Amino acid sequence: ASGRPSHCMYAAVSSSCAAAAARVIRAPGATRSPQQHHHRFLRASPNTTSTNTHARGKTSTTTSASTIMAAAGDEQAAALEAHLRGLADSAAPTIFDKIISKDIPATIIYEDNLCLAFRDIAPVAATHFLVIPKIRAGLTQLSKADEGHKALLGHLLYTAQVVAKQEGMGGDGAGGFRVVVNDGVQGCQSVYHLHLHVMGGQQLSWPPGC
């Protein structure tokens, strides 16, 4: 997610994400249901393994990055997977682009000419939806924003609170909600199309995760 070349990819990975890498090595043929979390739509290419014989006669099997496949719900592993696949710098359509084009179904709860809001299919709160720009315009992640994005970023935040109120999560009284933006590997970003998580409908805790 840092945009570094592939030979430096592990330099930016924290110890927790390195542990995630160990969790996501799958046996050949591992598959995942397309009905799982929208971040799990990432697909692995065919598995590639190689066997090395060491001087003492021992053998070891090396599994290439193409076999990495995050389990549903493992956001650290999914973020590392996206990073290893170079998705941060890819111009290819994301899962969100396919939701915008209606090629993939989603429960859309708000749409205007600039953004789209839809329910997260693996919610972590009683109410959990995403707000995304309809055109990425270079906004693969928040840290890539420049001055030209300020109006769009403001619109996304404004829309987040409009839809939150629409969903009964206004800040009046005991209500409220949380807005989260994941950025990069250590921020557990696995889809490189800027998106705001809006969560509420219940008492949330603090800190949210570390």
Side-chain angles (χ1 to χ4, degrees), residues 1-3 37-42 73 75-76 78-79 82-83 87-210:
S2 63
H37 195 287
H38 60 273
H39 287 177
R40 303 291 80 74
F41 280 92
L42 297 169
E75 294 305 312
Q76 285 187 349
H83 175 68
L87 298 184
D89 300 313
S90 173
T94 68
I95 180 68
F96 294 159
D97 289 309
K98 294 176 182 179
I99 288 175
I100 292 166
S101 65
K102 310 301 191 293
D103 291 327
I104 290 178
T107 304
I108 296 171
I109 55 178
Y110 177 89
E111 182 173 9
D112 62 28
N113 62 327
L114 293 177
C115 68
L116 187 76
F118 56 94
R119 299 198 188 283
D120 193 305
I121 66 171
V124 297
T127 302
H128 183 178
F129 62 89
L130 305 180
V131 180
I132 63 173
K134 295 176 82 170
I135 298 175
R136 274 187 287 176
L139 273 177
T140 53
Q141 57 194 103
L142 184 58
S143 59
K144 298 289 180 69
D146 58 33
E147 287 198 21
H149 293 122
K150 288 198 289 188
L152 178 57
L153 291 172
H155 183 73
L156 293 173
L157 273 175
Y158 178 79
T159 299
Q161 63 86 31
V162 166
V163 181
K165 290 175 181 176
Q166 173 185 304
E167 292 291 306
M169 300 191 300
D172 297 333
F177 55 91
R178 177 174 295 159
V179 179
V180 174
V181 179
N182 298 334
D183 188 281
V185 177
Q186 293 189 354
C188 283
Q189 181 178 7
S190 57
V191 178
Y192 281 87
H193 184 138
L194 180 68
H195 51 289
L196 281 61
H197 290 267
V198 184
M199 297 162 285
Q202 65 183 68
Q203 180 60 57
L204 302 178
S205 61
W206 192 265
C210 56

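Fair warning: this is a prediction, and the values are worked out from it, not measured in the lab.
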Heavy-atom check, side chain of Leu156 versus side chain of Leu194, under 4.5 Å: yes
Pairwise side-chain contact, Asn182 with His197, heavy-atom cut-off 4.5 Å (strictly under): yes
Closest non-hydrogen atom pair, Ile100 against Pro133: CD1-O, 3.6 Å
Spatial distance of atom CG (Leu204) from atom CD (Gln202) [nearest 0.5 Å]: 5.5 Å
Shortest non-hydrogen separation from Lys134 to Leu116 and the atoms involved: CG-N, 4.1 Å
Interatomic distance, Ile132 atom CD1 to Asp97 atom CG [nearest 0.5 angstrom]: 7.5 Å
Straight-line distance of Phe118 CZ to Ile104 CD1, nearest 0.5 Å: 10.0 Å
Nearest non-hydrogen partners of Val131 and Ala117, listed with the distance: CG2-CB, 4.1 Å
Donor-acceptor under 3.5 Å (Glu147 side chain, His149 main chain): no
Side chains of Met199 and Asp120 in contact at under 4.5 Å (non-hydrogen atoms): no
Glu167 side-chain N/O to Ile109 backbone N/O, donor-acceptor pair under 3.5 Å: no
Whether over 12 other heavy atoms sit under 6.0 Å from Ile135 CD1: no
Minimum-distance pair of heavy atoms, taken over all atoms of Gln76 and Cys188: CG-SG, 3.7 Å
Nearest-0.5 Å distance that lies between atom OG1 in Thr159 and atom CD in Glu111: 11.5 Å
Leu142 backbone acceptor or donor facing Gln189 side chain under 3.5 Å: no
Validation row: Lys144, Arg136 side chains within 4.5 angstrom (heavy atoms): no
Trace of the side chain to side chain contact (heavy atoms under 4.5 Å, CB included) decision for Val179 with Gln161: CA-CA 9 Å; Val179 179; Gln161 63 86 31; over 6 Å; no
Under 3.5 Å: donor-acceptor pair, side chain of His128, backbone of Val124: yes
Minimum-distance pair of heavy atoms, taken over all atoms of Gly201 and Thr127: CA-OG1, 4.3 Å
Heavy-atom neighbours of Lys150 NZ exceed 12 at 6.0 Å: no
Leu139 side chain near Leu153 side chain, heavy-atom distance below 4.5 Å: yes
Aromatic contact, Phe129 with Phe177 (centres under 6.0 Å): no
Shortest non-hydrogen contact from Arg178 toward Pro208: NH1-CB, 3.6 Å
Parallel, tilted or perpendicular: rings of His195 and Phe96 (30°, 60°): perpendicular
